[in-house]
Amino acid sequence: MVREEIDGTRTDIVTLSSFILQEQRRYNSKYHDQGSSIIREASGELSLLLNSLQFAFKFIANNIRKAELVNLIGLSGVINSTGDEQKQLDSICNDIFIQAMKTNGCIRVIVSEEEEKEILVDSSGSYAITCDPIDGSSNIDAGVSVGTIFGIYKIHPGSNGSLKDVLRSGNEMVAAGYTMYGASAHLLLTTGHKVNGFTLDSNLGEFILTHRNLSMPHFKNIYSINEGNTLYWPPKIADFIHSLKVAPEGGKPYAARYIGSMVADVHRTMLYGGLFCYPCSRGKGKLRLLYECFPMAFLCEQANGLAVNDKGERILDLTPEHIHEQSSIWLGSKGEIQKYVDYINKH
Ligand code: FBP
């Protein structure tokens, strides 16, 4: 008799490595089944890239877990591309990520929050990657969950890797995700076919599939925003947020939940539903389009959610003019974000 469980550990587990290869095979069989004369076999390059990403996440998770013990806490003394004080872990995890991307042979262009300019890689790769190596790093010394966010583009045919391969709309991404380093490390990934979640089993050293085809509830009365900025918002936005605090007849007001680390606030929203938002303050957005808003919007839509900016425009339809461009963002359950869009269109 085959045991489905040994000492509480399921035996029918799917690792990220095998999931990636199954996705590649599913991609290939799709064309065979359609009897398509043009056989567009996947080259395996995206699978190789995703596997080198998972190595980077494990390496980063390990450094974050031991940070306090080996004095990796505190500032590095550098101010990064968007004026944030860089933490030691920002710089270390940035190096880990960039080295992993430079050595996998799949990447031509890297954009990182911690790098002023794009990095052009001398390789024969077909992809470009954008990343926030440690999102939420202002919380890291307090042991609050932080994460790595990434977005992947296929470079333009004939390109040797340039800015043009990343200054594109979010619709052109071929994959995106994040890994949240919290109680355990959680990776959410999409390649444009739904969203799947994996949990790192640090004993096995494997990411295990734990959330297959993740889908957000259509409505959920949870909102997540830094209300400390209320006086800097346009009145319409302040009024909308206020309206969430008014309990409907016989009902309850929305619950406020804000960690101050986008990955952690979005992860909760992806699992429970509700809305996460960072509107413009004094007319200026904070979160970066290429490596924060776009990947989160892609995941959110693939999980049946919606992602728009303050004006109600779809985040993925936007095109940045420079690599650290900032934007407002409202993302979460489709019904909740639609409520916001209807409100601003009506008022
Ligand atoms: P970085 O840490 O990568 O710069 O990210 C910005 C961020 O920390 C987000 O994770 C978070 O959602 C937001 O800023 C918090 O901003 P605030 O402290 O203004 O609420």
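Counting starts at 1 for both ligands and their atoms, in listed order. In what follows, residues are counted from 1 in the order of the sequence shown.
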Could you tell me whether [X] and ligand 1 have an N or O pair separated by under 3.5 Å?
X	answer
Met262	yes
Arg288	yes
Tyr258	yes
Leu287	no

Any luck finding a side-chain donor-acceptor pair between [X] and [Y] under 3.5 Å?
X	Y	value
Arg108	Ser159	no
Tyr181	Thr148	yes
Ser261	Asn139	no

What part of [X] sits under 4.0 Å from ligand 1 if we count only heavy atoms: the side chain, the backbone, both or neither?
X	result
Ser137	both
Asn226	side chain
Val146	neither

### Query
Do Asp135 side-chain atoms and Val263 backbone N/O form a donor-acceptor pair below 3.5 Å?
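Side chain of Asp135 to backbone of Val263: a pair is present.
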### Message
Tell me whether His324 contacts the main-chain N or O of Arg288 through its side chain, where contact means a donor paired with an acceptor under 3.5 Å.
### Response
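Such a contact is absent between His324 side chain and Arg288 backbone.
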At a 4.0 Å threshold, what atoms of ligand 1 neighbour a non-hydrogen atom of [X]?
X	value
Tyr278	16 (O), 17 (P), 19 (O), 20 (O)
Asp132	3 (O)
Asp135	1 (P), 2 (O), 3 (O), 5 (O), 6 (C), 9 (C), 10 (O)
Gly260	8 (O), 11 (C), 15 (C)
Gly136	1 (P), 2 (O), 3 (O), 5 (O), 8 (O), 10 (O)

### Query
So between Lys286, Lys87, Glu113, whose heavy atom ends up nearest atom 14 (O) of ligand 1?
Lys286
### Message
For Ile134, state whether at least one heavy atom is located under 4.0 Å from any atom of ligand 1.
### Response
yes
### Query
If you look at every heavy atom in Ser328 and Asp310, which pair is closest and at what distance?
OG-N, 2.9 Å
### Task
Please indicate whether Asn345 has more than 12 foreign heavy atoms, meaning atoms of other residues, nucleotides or ligands, lying under 6.0 Å from its CG.
yes
### Message
Around atom NE2 of His242, are there more than 12 heavy atoms from other residues, nucleotides or ligands closer than 6.0 Å?
### Response
no
### Query
Is the His211 ring parallel, tilted or perpendicular to the His186 ring (thresholds 30°, 60°)?
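Correct class here is perpendicular.
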